[in-house]
Amino acid sequence: PESDTLTYALTGTDAASFSIDATTGQVRLLTPADFEVKNSYSITVNAKDASHTTTQAVTLNVTDVDEAPSFTSGATGSVAENAATGTVVYTAAASDPETGTVTYSLSGTDASAFSIGSSSGVVTLNGSADYETKSSYSINVIASDAASNTVSKTVTINATNVNEAPTAANFTSAGLDASTAMTGASVGTLAAVDPDAGDTHTFTLVAGNGTNDADNSKFTVTGNTLKVGGTALAAGTYQVMTRATDAGGLTVDQAQTITISALNAAPTVTSGASTSVAENAVTSTVVYTAAATDPESDTLTYALTGTDAASF
C-alpha cells in the first residue's frame, strides 16, 4: 500500500525444486518436471516490504505430455558363427513413461539379416552367420509407443568365431623319378584348406579303405613334407591316405596318388646314315631329313655337330 520495494522468497514443501527472482517474483524450475514422478508441487511465495511479510500458497500442476519410450537393454548382442536360422542374438527392452504398449522394429545397415518380434523385442537370425565373412553386424532397434513416439538404439551384433574343420589336404609333387626317389627324399608337400584364416595344421598318414592307403608304409611325413620311407621307390604310382589336423583337433582325410616317373630315355634316330646332293645345288637345297623317336614321347629338337656341320 505504501509502494515500498518488495522482495520475494520461497518456502513450503517443494520450495527446493524452484528458484524465485527476489525482485521480479518470477519462479523457475530447477530441474525438469516429470508428470509420472510428481504431478503437482506445493510452494509458498513470501512477499516482504520494509516491515511486513505476506504469504501466498501456490499449487503448481504438471500437465502430462506423451513421451517416447526409453531403452533399458544394452548396445551389443552376440551370436556364434554357424548358429541356426532363428537363433536369438539380442532382446530389446524399452519402457514407456505412460506405461503404454511398446512395439519394436529394425532398420540400419544389416537389418535384413535379422528379424524382431514386434511385441517381444526378440531379435533372431535370418540366416547362419559366418565369422570369416562378417564378424559384426550393425542394426537400429526402434521402439514405438501408442502415440507413434519413437526412439532408436544402435546395436552391434558380434559374431564369435567357432573352430571349423579343414576341408582339404592338398598335395604338391616334387616330381621325383626312379633315380631321385631315394630314402628320405622329399616327394612333395601338403597344404590344408581351412575356413579359419591363420589356423595351423599337422599332417599324418592314416588308415583308409585298404586301397587308397595301400602304400602308406613306403612313406613318412615330416612337418608338411611327404618323404620316401626306408626303401627307394621304383617308377610307378603309389596310394597314400593323408590327414590334416587343425589346432583345435578337427581333421580332414584326403587320398593322394603319388607318381614316381621312369628314367628319361634318350631318343633314337630312325633316319639313315647317308645322303647325297648334286654339285652346284643352290643354297638351302634340302639334302637330308633327320627323324627320331622318343620313348616318353617328349618333344624333340635337332642340332648339328661334326667336321662339316658348318656347311649345313
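In terms of hydrophobic clustering, with Ile, Leu, Val, Met, Phe, Trp and Tyr side chains grouped at heavy-atom distances under 4.5 Å, Val206 and Val240 are assigned to different clusters. Hydrophobic clustering (side-chain heavy atoms under 4.5 Å, transitive across Ile, Leu, Val, Met, Phe, Trp, Tyr) groups Val58 together with Val62. Hydrophobic clustering (side-chain heavy atoms under 4.5 Å, transitive across Ile, Leu, Val, Met, Phe, Trp, Tyr) keeps Val122 apart from Leu106. A single hydrophobic cluster is not seen to contain both Ile142 and Ile116; linkage of ILVMFWY side chains at heavy-atom distances under 4.5 Å, directly or through other members, places them apart. By the rule that hydrophobic residues join a cluster once side-chain heavy atoms approach within less than 4.5 Å of another member, Met241 and Ile258 end up as members of separate clusters.
For Glu164 (side chain) and Asp196 (main-chain N/O), no donor-acceptor pair under 3.5 Å exists by modelled atom type. Between the side chain of Thr44 and the main chain of Gln56, no donor-acceptor pair closer than 3.5 Å is present. A distance-only check finds a donor-acceptor pair linking the side chain of Thr183 to the backbone of Gly230 [under 3.5 Å]. Put simply, the side chain of Asp246 gets close to the backbone of Gly249: a donor and an acceptor are under 3.5 Å apart. In terms of modelled atom types and a separation under 3.5 Å, the side chain of Asp21 and the main chain of Thr24 share a donor-acceptor contact.
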Under the side-chain contact (heavy atoms from CB on, under 4.5 Å) criterion, do His201 and Asn224 qualify, and how do the steps go? CA-CA 9 Å; His201 302 85; Asn224 70 331; over 6 Å; no
Let's go through Val287 and Phe312 carefully: what are the C-alpha distance in whole Å and the side-chain angles of both, what is the deciding distance for side-chain contact (heavy atoms from CB on, under 4.5 Å) to 0.1 Å, and is it a yes or a no? CA-CA 9 Å; Val287 298; Phe312 302 92; 3.7 Å; yes
Should Asn170 and Leu190 be marked as a side-chain contact (heavy atoms from CB on, under 4.5 Å) after you check the CA-CA gap, both sets of side-chain angles, and the distance that decides it? CA-CA 6 Å; Asn170 294 329; Leu190 294 160; over 6 Å; no
Which is it for Ser95 and Ser70 under the side-chain contact (heavy atoms from CB on, under 4.5 Å) test, yes or no, and what are the steps along the way? CA-CA 6 Å; Ser95 60; Ser70 60; 3.7 Å; yes
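Side-chain atoms of Thr59 and Tyr41 include no donor-acceptor pair closer than 3.5 Å. Between the side chains of Asp177 and Thr180, at least one donor-acceptor pair of N or O atoms lies under 3.5 Å. No donor-acceptor contact under 3.5 angstrom links the side chains of Gln254 and Thr242, judged on distance only. A side-chain N or O of Thr154 and one of Asn140 form a donor-acceptor pair less than 3.5 Å apart. Counted by atom type alone, Asn61 and Asn39 present zero donor-acceptor pairs between their side chains at under 3.5 Å. Remark: the Asn82 side chain and the Asp130 side chain contain no N/O donor-acceptor pair separated by less than 3.5 Å. Residues Asn158 and Ser135 have side chains that never bring a donor and an acceptor to within less than 3.5 angstrom of each other. For the residue pair Asn126 / Ser115, a side-chain donor-acceptor distance below 3.5 Å is found, with atom types taken as modelled. Counting only N and O atoms by type, the side chains of Gln239 and Thr257 include a donor and acceptor under 3.5 Å apart. Side chains of Ser73 and Tyr90: a donor on one and an acceptor on the other come within 3.5 Å.
The aromatic rings of Phe71 and Tyr104 sit tilted relative to each other, their planes meeting at an angle between 30° and 60°.
Tyr131 approaches Ala159 most closely through the heavy-atom pair CD1-O, 3.1 Å. Annotation for Pro166 and Pro195: closest pair CA-CD, 4.4 Å, computed over non-hydrogen atoms. In terms of heavy atoms, Ser42 sits closest to Asp14 at N-OD2, 2.6 Å. The shortest non-hydrogen separation linking Ala290 to Ser271 is CA-OG, 3.5 Å. When all heavy atoms of Ala244 and Phe203 are compared, the pair lying nearest together is CB-CE2, 3.6 Å. In terms of heavy atoms, Ala265 sits closest to Pro295 at CB-CG, 3.6 Å.
Looking at Lys134 and Asp110, a side-chain N of the basic residue comes within less than 4.0 Å of a carboxylate O on the acidic one, giving a salt bridge.
Side-chain atoms of Thr150 and Ser148, non-hydrogen and from C-beta on, never get closer than 4.5 Å to each other. Using a 4.5 Å heavy-atom threshold, the side chains of Phe18 and Leu10 count as touching. A 4.5 Å side-chain heavy-atom check between Ile139 and Ile157 finds at least one atom pair inside the cut-off. Using a 4.5 Å cut-off on side-chain heavy atoms (C-beta onward), Glu81 and Asn161 make contact. Side-chain contact between Asp66 and Asn149 is present, with at least one heavy-atom pair separated by less than 4.5 Å. You'll find the side chain of Thr13 stays beyond 4.5 Å of the side chain of Ile43, heavy atoms only. Under the 4.5 Å side-chain criterion, counting only non-hydrogen atoms from C-beta, Val187 is in contact with Val228. In this structure the side chain of Thr101 never reaches within 4.5 angstrom of the side chain of Asp145, judged on heavy atoms.
Between Leu176 atom CG and Ile260 atom CD1 the span is 5.0 Å, to the nearest 0.5 Å. The NZ atom of Lys38 lies 7.0 Å from the OG atom of Ser17; values are rounded to the nearest 0.5 Å. The CG atom of Leu6 sits 12.5 Å away from atom NE2 of His52, with the distance rounded to the nearest 0.5 Å. Of the inter-residue distances, the one linking Thr289 atom OG1 with Tyr302 atom OH reads 10.0 Å to the nearest 0.5 angstrom. Here the CD-OG1 distance, from Gln256 to Thr172, works out to 9.5 Å after rounding to the nearest 0.5 Å. Distance OG1/Thr189 to CG/Leu226: 9.5 Å, rounded to 0.5 Å.
Within a 6.0 Å radius of NZ in Lys48, no more than 12 heavy atoms belonging to other residues, nucleotides or ligands are found.
Of the candidates Asp215, Thr220, Asn216, Asp215 is the only one forming a side chain to side chain donor-acceptor pair (under 3.5 Å) with Lys218.
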